[in-house]
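Let me begin by presenting the structure, written as structure tokens, before commenting on it.
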Amino acid sequence: MVDPAYPALRLHDSHAREKRPFSPLDPQNVRIYFCGPTVYDRAHLGNLRAMLCADVLVRLLRTLYPCVTYVRNVTDVDDKITARALENGEDISALTERTTEAFHEDLRALDILPPDIEPRATHHIGDMLDLIARLIANGHAYEAEGHVLFAVRNFPTYGALSGRSLDDMIAGARVEVAPYKRDPGDFVLWKPSTPEQPGWESPYGRGRPGWHIECSAMSHRYLGESFDIHGGGDDLLFPHHENERAQSLCCFPGSKFATHWLHVGMLLSNGEKMSKSLGNFHTIREALERSPAEPLRLLYLGAHYRSTLDFSWEKLEEARRTLDRLYRALERGNPQPDAAIPASVMDALCDDLNTPLAISTLHPLADAAMQGDQDAASGLLAAGKLLGLFTVSPADWFQSGVDASAIETLIEERLAARKSRDFARADAIRAELSASGITLEDGPSGTTWRKA
RNA sequence: GGUCCGGUGGCAGAGUGGUGAUGUAGCGGACUGCAAAUCCGCGAAUGUGGGUUCGAUUCCCGCCCGGACCUCCA
């Protein structure tokens, strides 16, 4: 049951195109599926956004409900993977293993909790073929020239999720229509593989799955015919999620598939979508080489998940300075662990995951904590933990990774200089440390230091 | 071309049919040997033209601008 101490959760549903109360099919087990990465290269900052959004959502759901089953797939069969492996002269499985591990490493650094189940497409080819057979049997798919295609015209609500009509799309006419398609909108469930391409034996010959069927198969296997939330980047809304929905609903008539659709806005770089194809991306690793992980998390949380967010290094730096202040507040407020999450934060998060509003309510808590209010500090800490922040101690935030003894020695020397009113020498020491990224702070109880 | 989303202070970014959060930047001040941090104070915004309304930033329509999707994409 929902903890009555918390407000009711409302989430924007892309299908309904409005905020709706979230009521799980089974409150004892909230089921959520997010589309994960295609593992052919290191993940970039754009890829991170949906993963981070899912992380915060799952953290919130776990505080509201007794059990959450979170599934996030890994797409390890795809023509981009095949092409990259060929390019690298690398075995496909070596490439996908290596890239998956790199992905995990990046997310761990961000303290993004792993999903409960992380199925790989290549481990579920049989499940996909089962669904495809069902679709052929019930007239929603057909074979043509070694392909199996989904017949969109046989599914009356095709387009309902993404809000577009087949006729409009065809008017766009940017789809290259394969001759074997009955309708230009039909999409591939199974396609033949050449001997060099990865492939599996099937009733339709040796081939490989189309992109969308894997998520239908894996969500069904682990979450059932109907589950609560299906999410991913906004760019997956069409065609990926539209097609998943069509397949799954046609496989399991009477089911609901996902009752809530959640789409995460794109990360921009100089006003344009960050993407591999535009080349305007930075990998997660690259960002982590320039900054600790938490500022990146705070930066993402500073914008609502559904709006676009224009990334810049300046904003990352600003987020780091904001964390400086919050950590300082924790340092002064001496928080107790396991305090209640402040209502202001829960209210904001339960209103369609309004993280920017939630974070804004952290500042008054920080102000109070700064003045020694322990309750405020405890609330601040609890709120931060829920958001995946404050994973280190203030001492580590300000001082880790630096040779403290060398700094202490210089502080002693400077103290002596100040006592003899040799301010020139004292300032020289300050400047020296400042040049190596250390800021000194003279307080009533002596001099302290921190990383700038 | 089709569909959709958005345009709020220098920047970032919420909310709201009734004198516009929060952060940051800027300015002034307190504190400091100087700093840093902290504290106090100040100025600063709802793209544009209509409509509905007693009243619109908020609702509706047009326009302009930006972005996303329609092809792989978180």
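Every chain is numbered from 1, with letters handed out A, B, ... down the list of sequences. We use all heavy atoms of the structure for the numbers below, so side chains are in, but hydrogens, waters and symmetry mates are not. Everything quoted here is computed from the prediction, not taken from an experiment.
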Kindly determine whether A:Lys19 and A:Asp351 satisfy salt bridge (charged side-chain N to carboxylate O under 4.0 Å, His left out), including the steps that lead there. CA-CA 9 Å; A:Lys19 260 189 250 182; A:Asp351 184 11; 2.8 Å; yes
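Judged by distance alone, the side chains of A:Arg285 and A:Thr283 never bring a donor and an acceptor atom under 3.5 Å apart. Inspection of the A:Thr322 and A:Asp324 side chains reveals no N or O donor paired with an N or O acceptor under 3.5 Å.
Across all strands shown, B:G1 forms a Watson-Crick or G-U wobble pair, both distances under 3.5 Å, with B:C70. Base-pair partner of B:A25: not found among the strands shown (Watson-Crick or G-U wobble, both distances under 3.5 Å). Across all strands shown, B:G6 forms a Watson-Crick or G-U wobble pair with B:C65, both key distances being under 3.5 Å. Using the Watson-Crick or G-U wobble rule with both distances under 3.5 Å, B:A35 pairs with nothing in any strand shown.
A gap of 40 Å separates the P atoms of B:C27 and B:C64, to the nearest Å. Taking atom P in both B:C63 and B:G15, one finds a spacing of 27 Å when rounded to whole Å. Comparing the P positions of B:A44 and B:G51 gives an interatomic distance of 29 Å, to the nearest angstrom. Annotation: B:A56 and B:C60 have their P atoms spaced 16 Å apart (nearest Å).
A:Arg164 has its CZ atom 11 Å from the P atom of B:C5, to the nearest Å. We find that CZ of A:Phe187 is positioned 13 Å from P of B:U71, with the value rounded to whole Å. Straight-line distance from the CG atom of A:Asp347 to the P atom of B:G15: 14 Å, rounded to whole Å. To the nearest angstrom, P of B:G23 lies 16 Å from CG of A:Asp324. Regarding A:Leu323, its CG atom lies at a distance of 14 Å from the C1' atom of B:U24, rounded to whole Å. A:Leu362 places its CG atom 13 Å from the P atom of B:U24, with the value rounded to the nearest Å. Taking atom CZ of residue A:Phe238 and atom C1' of nucleotide B:A74, one finds them 18 Å apart after rounding to whole Å. Remark: C1' of B:A74 and CG of A:Asp55 are 14 Å apart, rounded to the nearest angstrom.
Nucleic acid contact class of A:Gly46 (heavy atoms, under 4.0 Å, all strands): base. Using a 4.0 Å heavy-atom distance criterion, A:Asp234 is classed as a sugar-phosphate-only contact. At a threshold of 4.0 angstrom between heavy atoms, the contacts of A:Leu48 with the nucleic acid are absent. Across all strands shown, A:Gly271 has heavy atoms under 4.0 Å from sugar-phosphate atoms exclusively, and none from any base. Here A:Lys273 lies in heavy-atom contact (under 4.0 Å) with a base.
Below 30°, between 30° and 60°, or above 60°: for A:His241 and A:His263 the angle between ring planes is between 30° and 60°, a tilted geometry. Ring geometry for A:Tyr222 against A:His124 counts as perpendicular: the plane angle is over 60°, on a 0 to 90° scale with 30° as the lower cut.
Within a heavy-atom distance below 4.0 Å of RNA chain B, the residues of residues 283-314 of chain A found are A:Gly302, A:Ala303, A:His304, A:Ser307, A:Leu309.
A:Arg328 forms a cation-pi arrangement with A:Phe398, by the criterion of a distance under 6.0 Å to the ring centre and an angle within 45° of the ring axis. Taking the ring centre of A:Trp200 as origin, the terminal cationic atom of A:Arg208 falls outside the region bounded by 6.0 Å and 45° from the ring axis.
A side chain to side chain donor-acceptor pair (under 3.5 Å) with A:Tyr305 is found for exactly one of A:Thr355, A:Asn354, A:Asp352, namely A:Asp352. Under the salt bridge (charged side-chain N to carboxylate O under 4.0 Å, His left out) rule, A:Asp111 has a single partner from A:Arg59, A:Arg297, A:Lys385, which is A:Arg59.
Closest to the side chain of A:Met274, from the set B:A74, B:A14, B:U24, is B:A74. Considering only the side chain of A:Arg321, B:A25 comes nearest among B:G23, B:A25, B:A74. Ranking B:U24, B:A74, B:U22 by closeness to the A:Ser360 side chain, first place goes to B:U22.
A:Val188 pairs by the side-chain contact (heavy atoms from CB on, under 4.5 Å) definition with A:His147, A:Leu149, A:Lys191, not counting sequence neighbours.
For the atom pair CD (A:Gln197) and OG1 (A:Thr82), the distance works out to 6.5 Å, reported to the nearest 0.5 Å.
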With sugar-phosphate taken as primed atoms, P, OP1 and OP2 and all else as base, the protein-contact string of nucleotides 33-44 of chain B at under 4.0 Å (heavy atoms; B, S, -) is BBBBSSS-----
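When the nearest nucleotides of RNA chain B are assigned to A:Ser162 and A:Lys315 by heavy-atom distance, the more 5′-ward of the two goes with A:Ser162.
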